[in-house]
Amino acid sequence: MQVNVNVNGDGQSHDVEPRTLLVHYLRDACGLTGTNVGCDSSSCGACTVHFNGEAVKSCTMLAVQADGEAVTTIEGLAPSETELHPMQQAFHECHALQCGYCTPGMVMAAVSLLDEVPNPSEHDVREGLEGNLCRCTGYHNIVKAVLSAAGGDA
Amino acid sequence: MIPAAFDYERADSAEQALALLGEHGDEAKLLAGGHSLIPLMKYRLANPAVVIDIGRLNDLSYINDGGDHLAIGALTRHRDIEIDDLVGSQTPLLAAATSQVGDPQVRHRGTIGGAIAHGDPASDLPAALLALRATMVITGQDGAREVSADDFFTGFLETALGDTDLLTEIRVPKVPDAGWSFQKFNRRAQDWAIVGAAVLVNNGSTGVGLVNMDSKPVRSAAVEAAVSGGATASDAAAVAAEGVEPPADLNASVEYRQHLARVLVRRGLEEAGRA
Ligand SMILES: Cc1cc2nc3c(=O)[nH]c(=O)nc-3n(C[C@H](O)[C@H](O)[C@H](O)COP(=O)(O)OP(=O)(O)OC[C@H]3O[C@@H](n4cnc5c(N)ncnc54)[C@H](O)[C@@H]3O)c2cc1C
Ligand code: FES
Ligand code: FES
């Protein structure tokens with residue numbers, strides 16, 4: 001069926017099977033491969049995107065559920081080709097990634113967290129990112145980056 | 001992993017959802033937030049021929065003051081309940097249990113109705129609703145009926161909902177002055193409870209709901225009877241594993257679950273009693 005989704009401000013329209021997961025719609029139909037698939041079982045958060053402004057796991061949504069709605073992926077976060085989003089900048093500055101596989105989901109979850117809790121404590125950040133797993137960093141620098149993006153001392 | 005193929009129908013109103021259920025019967029599955037159903041379909045543990053998407057029934061997403069209770073629409077998302085002022089002041093136990101569900105991404109999508117209709121003994125919300133003596137409003141092909149939480153959960157992933165019924169509302173008694181506690185034990189962040197306990201102490205009456213201690217969500221009749229017979233928190237908690245049959249799995253043996261129930265119920269009774 002025809003599924004129309006506003007992805008990063010662009011109207012996307014693709015004919016997909018109802019069983020198509022949102023993450024495959026984004027990667028395969030829209031060609032936006034920034035969103036990763038880690039566990040494929042709703043646990044790791046690598047596939048996190050914003051659905052109508054809120055963080056969701058795109059491996060646990062059907063593309064048809066997003067028909068007529070708005071999705072933002074990691075590709076849609078930066079304000080321009082040459083500038084990073086403040087959260088991306090903070091991850092860069094705080095060395096909050098190693099292999100980088102979890103990073104797109106981590107950044108999307110962190111941006112959604114700050115929308116809901118603008119001045120988080122370290123505890124708020126750790127709780128707020130509990131849906132995102134990182135095998136490399138030990139989380140320390142990720143938490144530091146999110147606190148720094150929030151304007152707190154990191 | 002992708003689900004097996006299915007026909008997709010979207011309902012734009014409760015009436016339309018009921019009509020589609022009437023048409024497709026047990027061939028169909030309702031899709032609310034999808035955070036129980038989609039994983040099951042990906043693992044091919046559920047293979048419905050028809051999926052009826054009720055995720056956009058905004059007329060069933062609400063939290064209203066019903067006088068002596070809060071009326072919560074079945075399609076209200078966990079996140080909206082977790083941060084709602086009325087829920088926070090009138091039934092804080094429900095807010096606390098909801099805030100323990102999964103992670104923020106899960107709470108942005110999952111609905112209270114889906115969590116209850118799924119009938120999972122490992123879910124946090126049924127235990128809280130049992131302790132709170134909530135009632136469920138089920139709308140069937142011939143109209144609506146009210147079912148108490150006690151009568152709603154009938155077995156493992158089984159509820160009082162028939163194949164062509166829609167859960168429409170959850171009514172939660174207001175208990176602004178009650179003592180309460182929600183205890184959840186898990187090994188990792190975002191996990192389901194290995195065991196959990198929801199405790200409500202209101203006007204001398206005590207409700208205790210248990211998570212993952214039987215094949216269905218249950219109240220602990222043994223603990224409630226002990227408390228009303230005057231037992232202390234620790235004496236009452238000592239019977240927390242009586243009358244229920246906890247499962248054994250990778251995370252815990254039966255004995256370990258029984259132990260956790262006693263510990264968590266004691267902590268819950270103590271915390272609720274201090275309020
Ligand atoms: C990673 C992860 C972690 C989780 N952790 C927890 C946790 O710690 N604790 C916890 O309690 N839950 C947890 N959950 C489950 C979560 O609470 C789900 O949101 C909830 O169980 C199902 O709600 P849903 O709206 O997504 O329902 P769906 O998945 O859409 O539906 C679930 C079932 O209910 C039926 N149904 C849905 N709505 C209705 C209705 N209105 N009337 C009749 N039938 C209906 C559907 O047909 C289906 O059979 C977790 C889920 C995930 C993916
Ligand atoms: S790929 Fe979606 S949560 Fe892991
Ligand atoms: S940086 Fe490698 S998984 Fe997080």
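Below, read A as the first sequence line, B as the second, and so on, with proteins coming before strands; counting in each chain starts at 1.
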Report the option among [options] that has the most heavy-atom pairs separated by less than 4.5 Å from atoms of chain A.
options                               : result
B:Asp191, B:Asp103, B:Val51, B:Val106 : B:Asp103
B:Arg107, B:Lys42, B:Arg10            : B:Lys42
B:Pro39, B:Ala5, B:Gly102             : B:Ala5
B:Gly55, B:Gly34, B:Ala4              : B:Ala4

Less than 4.5 Å to any heavy atom of chain B: does that hold for the side chain of [X], its backbone, both, or neither?
X       : value
A:Thr20 : neither
A:Glu54 : both
A:Met61 : both
A:Leu62 : both
A:Ser42 : both

Is any side-chain heavy atom of A:Leu22 closer than 4.5 Å to one of A:Lys57? no
When you compare the side chain of B:Asn186 with that of B:Gln100, does any pair of heavy atoms fall below 4.5 Å? no
Side chain, backbone, both or neither: which part of B:Ile83 has a non-hydrogen atom closer than 4.5 Å to chain A? neither
Non-hydrogen atoms of chain A under 4.5 Å away: do they reach the side chain of B:Arg188, the backbone, both or neither? neither
Is it the case that atom [atom1] in [X] sees more than 12 heavy atoms from other parts of the structure closer than 6.0 Å?
X       : atom1 : result
B:Glu27 : CD    : no
A:Asp15 : CG    : yes
B:Arg44 : CZ    : yes

Pair [X]-[Y], side-chain donor/acceptor within less than 3.5 Å:
X        : Y        : answer
A:Asp124 : A:Ser121 : yes
B:Tyr8   : A:Glu17  : no
A:Ser148 : A:Glu93  : no

Heavy-atom pairs under 4.5 Å with chain B, option from A:Glu116, A:Arg126, A:Met1 with the top count: A:Glu116
Shorter than 4.5 Å, heavy atoms on both sides: which option in A:Leu129, A:Val56, A:Leu113 has the most such pairs with chain B? A:Val56
Measuring from B:Thr164:OG1 to B:Leu166:CG, what's the distance to the nearest 0.5 Å? 10.0 Å
